[in-house]
Amino acid sequence: MAIQRTLNEMISMAEDICTQLSMAGAPSDTGLRPQDLLSSFRYSMLTLAIYIADADHNIDEAERSVIETYLGSCPSVPQMKTLKQRERLEETILLSVPIVLQCASNADKGYLIPQDLYKEQKAQILADTFIMFAREVLAVHKNENDEAVFRLTGYEALLEEYLKNEGAYVPVSKRLFCPETTAVQEASADPEKLAAVLEELNSMVGLQGVKNEINGLVNLIKVQKMRQERGIKAVDVSKHMVFTGNPGTGKTTVARIVAQIYQYMGILSKGTLVETDRAGLVKGYMGQTAARVKEVVQEAMGGVLFIDEAYSLIVDKSEGDYGQEAVDSLLKEMEDHRDDLVVIVAGYPDLMEEFLDSNPGLRSRFNKFIDFEDYTVEEEIAILIGMASKKEYMLDKAALEYAKTYFEERISEKAKEYANARDVRNFLEQAISHHATRVVNLQNVTAADLQIIRMEDVKKCELN
């Protein structure tokens with residue numbers, strides 16, 4: 001288990017790493033002298049703080065105080081504004097990682113540092129320090145829009161992507177040290193499990209916009225807790241969501257992950273996911289629908305209630321249809337159980353707009369929209385490879401080329417039945433079935449025969 005460290009301790013470790021790197025000699029391709037690494041680290045911390053604090057075009061004394069507390073000094077506001085303009089921070093900060101992080105990553109790959117206490121985790125420690133410091137600045141940020149949170153989320157994604165590309169990313173469960181959480185935590189909160197489930201989200205194929213939205217929401221909730229602890233007004237964050245997008249884009253999977261995120265942040269007591277739709281909520285007689293909604297909500301208590309194709313609740317306006325009763329009852333249950341229930345509704349974008357207009361109270365509760373884009377051909381092939389690998393199959397080169405051509409045509413046609421990853425799953429299941437028919441008739445079957453899906457297996461696949 002990682003040892004938790006305060007921000008001051010993380011900064012101290014980061015500065016020690018800079019000293020070690022300087023003594024070992026900074027890589028020549030950074031353009032930085034070894035003796036300048038420590039000042040480069042502190043300068044990167046300062047520019048990050050300015051980037052976050054000035055999201056509302058106003059750096060106040062509370063934000064300056066955080067910078068001075070952790071960096072020992074702080075320029076005046078005019079000086080920071082000048083620095084921001086000179087460095088063009090809003091344009092450049094998300095284009096490259098700090099030089100000191102690049103040096104640490106290179107060192108983790110192999111140069112010898114005597115008595116290295118940080119093993120091959122120096123870059124990860126530096127990245128964690130940058131993010132922890134940014135959160136401290138964000139905790140006193142007074143503007144109530146989400147721009148500063150989105151800036152932090154973008155910077156966090158930049159560092160994580162860099163570390164993964166460089167082979168320097170360390171999963172939370174394997175880190176020597178990790179930032180200590182200073183925010184008020186409910187009894188069920190579990191920072192390590194939260195980090196693990198966020199890793200699961202971020203490792204999914206595609207869905208970059210979805211990942212950014214969820215990570216941004218996590219940062220927003222964390223920061224509001226930090227503000228609450230410091231006696232600063234905390235913004236009430238609506239946790240109900242609307243997922244829009246076509247079938248097979250991962251909405252149910254992400255809803256399950258969101259349920260776990262809320263549990264490990266101490267927001268929900270169980271973090272379970274209950275799925276339902278119109279058939280599970282609407283009954284045939286007056287009063288039955290309200291009772292059924294209440295039953296489903298009770299089942300979902302402590303977790304997330306996920307209503308797929310929620311717009312179908314209001315498509316039938318005829319007398320005797322109780323879809324609207326289901327919507328009205330759901331709103332009442334959400335209000336009665338707002339402390340331990342989150343509702344996520346999903347469906348096609350245009351139809352979900354009609355659903356939200358069906359009751360004046362819906363839009364006030366569902367103000368977080370996340371759009372799930374269709375997968376690209378490359379993403380669908382990556383999903384196909386991943387699904388096959390989990391089943392201990394693999395497609396040979398010819399089979400993959402055929403699959404790519406097949407999905408290129410299917411995506412370009414955009415058939416009514418097109419269903420993104422569901423198509424991929426059905427394609428693989430058919431290929432496995434065809435593979436079995438072929439292999440069962442072979443003589444002297446090898447392990448490779450049992451695992452490799454070939455061209456003749458996938459050519460027989462045909463989706464509706």
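Keep in mind that this is a model prediction, so the values were computed, not measured. Residue indices begin at 1 and follow the sequence shown.
For Lys270, the NZ atom counts as densely surrounded, since its 6.0 Å shell holds more than 12 non-hydrogen atoms of other residues, nucleotides or ligands.
For Glu147 and Arg151, the salt-bridge test passes: some basic side-chain N is under 4.0 Å from an acidic carboxylate O. A salt bridge between Lys332 and Asp336 is present, with a side-chain N of the basic residue lying under 4.0 Å from a carboxylate O of the acidic one. Salt bridge present: Glu156 and Arg135 bring a charged side-chain N and a carboxylate O closer than 4.0 Å. At a threshold of 4.0 Å, the pair Arg410-Asp423 counts as salt-bridged, since one of the basic side-chain nitrogens sits closer than that to a carboxylate oxygen.
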Quiz item: Which is it for Tyr375 and Phe407 under the ring-ring contact (aromatic ring centres under 6.0 Å, His included) test, yes or no, and what are the steps along the way?
Solution: CA-CA 10 Å; Tyr375 291 112; Phe407 282 109; over 10 Å; no

Practice problem: Step by step, work out the ring-ring contact (aromatic ring centres under 6.0 Å, His included) result for Phe150 and Tyr155. | Solution: CA-CA 9 Å; Phe150 290 145; Tyr155 192 80; over 10 Å; no

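A cation-pi arrangement is found for Lys164 relative to Tyr169, the charged atom lying closer than 6.0 Å to the ring centre and inside a 45° cone about the ring normal.
Looking at Asp308, its side chain never comes within 3.5 Å of a backbone N or O of Glu275 through a donor-acceptor pair.
Side-chain atoms of Arg363 and Asp357, non-hydrogen and from C-beta on, do get closer than 4.5 Å to each other. Within the 4.5 Å cutoff, side-chain heavy atoms of Asp54 are placed close to those of Lys81.
Considering every non-hydrogen atom in both Val345 and Ala310, the closest pair reads CB-CB, 3.7 Å.
Classified by interplanar angle (parallel below 30°, tilted 30° to 60°, perpendicular above 60°), the ring pair Phe366/His240 is tilted.
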